[in-house]
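Comments concern the structure below.
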Amino acid sequence: MKVLGIESSCDETAAAVVEDGSVLLSNVVATSLDLHIEFGGVVPEIAARSHIESITPVIKQALKQANCTWDDIDAIAVTYGPGLGGSLLVGVLAARTLAILKQKPLYAINHVEAHVYVNFLTSTDSPAHKIKASTDKAEDSAGSLLDKTKPAYTLPLSPPTFPLLALIVSGGHSQLVLFNDFFDYKLLGQTRDDAVGEAFDKVAKILGLPYPGGPSITKAALGGNPHKYSFPKAKLDNKYDFSFSGLKTAVLRTAQSEIAEDYSFPSHKLSERLTEAQKADFAASFQCIAVETLVDKLVLAAKEYSPNSVVVAGGVAANQELRKQIDGRLHTPVVYTDPKLCTDNGAMIAAAGCFAAKKSTKTADPFDLEITPSLSM
Ligand code: KG4
Ligand code: ZN
């Protein structure tokens, strides 16, 4: 069964075709990231407008890259939440329209949960490795936002197995979830305030590093000393909950005192007074403690629940320091996917659609599927 997945919850307009939940046939992502950089974060109106421009060329490109016509597509899956309202609307309306016109079943997918399912894409006997780097010519003017390079992906050889412990870490979520099966899970813990990706983004802003903060903190941290500053770890009633806003404030206060100013010194002026070496030390020390906090709880949950597999999902799962610390401390097999599939994409939605179809999940009504911006797990 081949499913077309459509994702538009934030600043990526994405579509992909996945077969049977394991074979990646195509993956196309157009990001409006460049348009948000000068604002230091995603501007919802700009993101929504970019989705409108990109959605049709992205879907066309995903079908073309998969060598599929509409006759080959068995179902459509779309993110209906959580996310930015205006952004979600574009994807959902496109999917509803296509489901009606092309007479395909429609599956409504939870974006956060879908991050986990992208880890089920494998490279065994898969044409996925045929998706090699190559460049296509732009098909129409809106395609200018489209990444026309088909990347090659490094996928795991075998999928995770249940029970599966998932650490879901993105710009909007930090959660530990125990899955007994697809769509059957227990939420063990979640963030009480900032998500870990959000903390990377906010600390990057304090240090004057570009958005998104994850990759720029990682880069700056390469030249820094992770033990230069000791930041606190939050203690919470539920041992599996997270809190990152105190860590972000600790970075701010330490940076203020480092330049001999008090807490009233404006955060947006701090980076001008920090040297490159200080920025690197802050980046490395923050990253080290943020990652250590995630791994502490992952290891604790793995001991308590003895899962068969562990999966790390969401944008922050691309972080190499996180992967290194997990590999050094966890004894349960961990399935990692290609870092390019950790950030938002259509493949995760298409994979979720395949599993929804396999489990005979109720399809969505294409005439009235609504977006749910604050959808939770
Ligand atoms: O999953 P995602 O693409 O979007 C959401 O669903 O939120 O995650 C985006 C988040 C951003 O906060 C970004 O800074 C973070 O993932 N991120 C990283 C890395 N790459 C992206 N954080 C740490 N290390 C990275 N390499
Ligand atoms: Zn996401």
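Atoms within each ligand, like the ligands themselves, are counted from 1 in listed order. Remember, predicted model here, so these are calculated numbers, not experimental data.
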Please name the pair of heavy atoms, one in Ile326 and one in Val312, separated by the smallest distance, quoted to 0.1 Å.
CD1-CG2, 3.6 Å

Grouping I, L, V, M, F, W and Y whenever their side-chain heavy atoms are under 4.5 Å apart, do Leu298 and Val169 come out in a common cluster?
yes

N, O or S from His111 under 2.8 Å to the Zn ion (ligand 2)
yes

Check: Asp201 N/O within less than 3.5 Å of ligand 1 N/O
yes

Asp344-ligand 1 polar pair, N/O distance under 3.5 Å:
yes

Take every heavy atom of Cys10, measure it against each atom of ligand 1, and state whether any distance is under 4.0 Å.
no

Ignoring hydrogens, just give me the one of Ala317, Pro339, Gly315 whose non-hydrogen atom is nearest atom 1 (O) of ligand 1.
Gly315

Taking NZ, NE, NH1 and NH2 as the nitrogens, is one of them in Glu198 or Lys202 under 4.0 Å from a carboxylate oxygen of the other?
yes

Applying the 4.5 Å side-chain criterion to the ILVMFWY set and letting contacts propagate, would Phe286 and Val295 be lumped into a single cluster?
yes

Ligand 1 to Gly171 polar contact by distance, N or O atoms, under 3.5 Å
yes

Give the minimum heavy-atom separation between Val29 and Ala14, together with the two atoms involved.
CG2-CB, 4.1 Å

Could you tell me whether Phe200 and ligand 1 have an N or O pair separated by under 3.5 Å?
no

Tell me which protein heavy atom sits closest to atom 24 (N) of ligand 1, plus the residue, atom name and distance to 0.1 Å.
Asn319 ND2, 3.0 Å

Lys239 and Glu304: salt bridge (charged side-chain N to carboxylate O under 4.0 Å, His left out), yes or no, with the steps?
CA-CA 12 Å; Lys239 61 187 174 188; Glu304 183 170 345; 3.1 Å; yes

At a 4.0 Å threshold, what atoms of ligand 1 neighbour a non-hydrogen atom of Gly197?
12 (O)

Distance filter under 4.0 Å to His111 heavy atoms, resulting ligand 1 atoms:
6 (O)

Could you identify the single nearest non-hydrogen protein atom to atom 15 (C) of ligand 1 and state the distance to 0.1 Å?
Val316 CG2, 4.0 Å

Is there any N or O on Gly314 that sits under 3.5 Å from an N or O of ligand 1?
no

For Leu33 and Pro212 the tightest heavy-atom approach is CD1-CD, 3.7 Å

Would you mind listing which atoms of ligand 1 come within a distance below 4.0 Å of any non-hydrogen atom of Gly172?
7 (O)

Just going by heavy-atom distances, which of Pro212, Gly214, Ala195 is nearest to atom 18 (C) of ligand 1?
Gly214

Which bit of Thr218 gets closer than 4.0 Å to ligand 1, counting heavy atoms only: side chain, backbone, both or neither?
side chain

Indicate the atoms forming the closest heavy-atom contact of Tyr240 with Leu300, along with that distance.
OH-O, 3.5 Å

By the salt bridge (charged side-chain N to carboxylate O under 4.0 Å, His left out) test, which pairs, at least two apart or in different chains, include something from residues 355-377?
Asp181-Lys359

Same cluster for Tyr211 and Ile206 if Ile/Leu/Val/Met/Phe/Trp/Tyr side chains link at under 4.5 Å?
no

Non-hydrogen atoms of Glu12 versus ligand 1: any pair closer than 4.0 Å?
no

Is the closest side-chain donor-acceptor distance between Gln190 and His173 under 3.5 Å?
no

Would you please determine whether His115 falls within less than 4.0 Å of ligand 1 on a heavy-atom basis?
yes

Is there a chain of hydrophobic side chains (I, L, V, M, F, W, Y, each step under 4.5 Å between heavy atoms) that links Tyr336 to Phe179?
no

Hey, which N, O or S atom on Asp344 ends up closest to the Zn ion (ligand 2)?
OD1

Mind checking whether the Zn ion (ligand 2) has an N, O or S of His115 under 2.8 Å?
yes

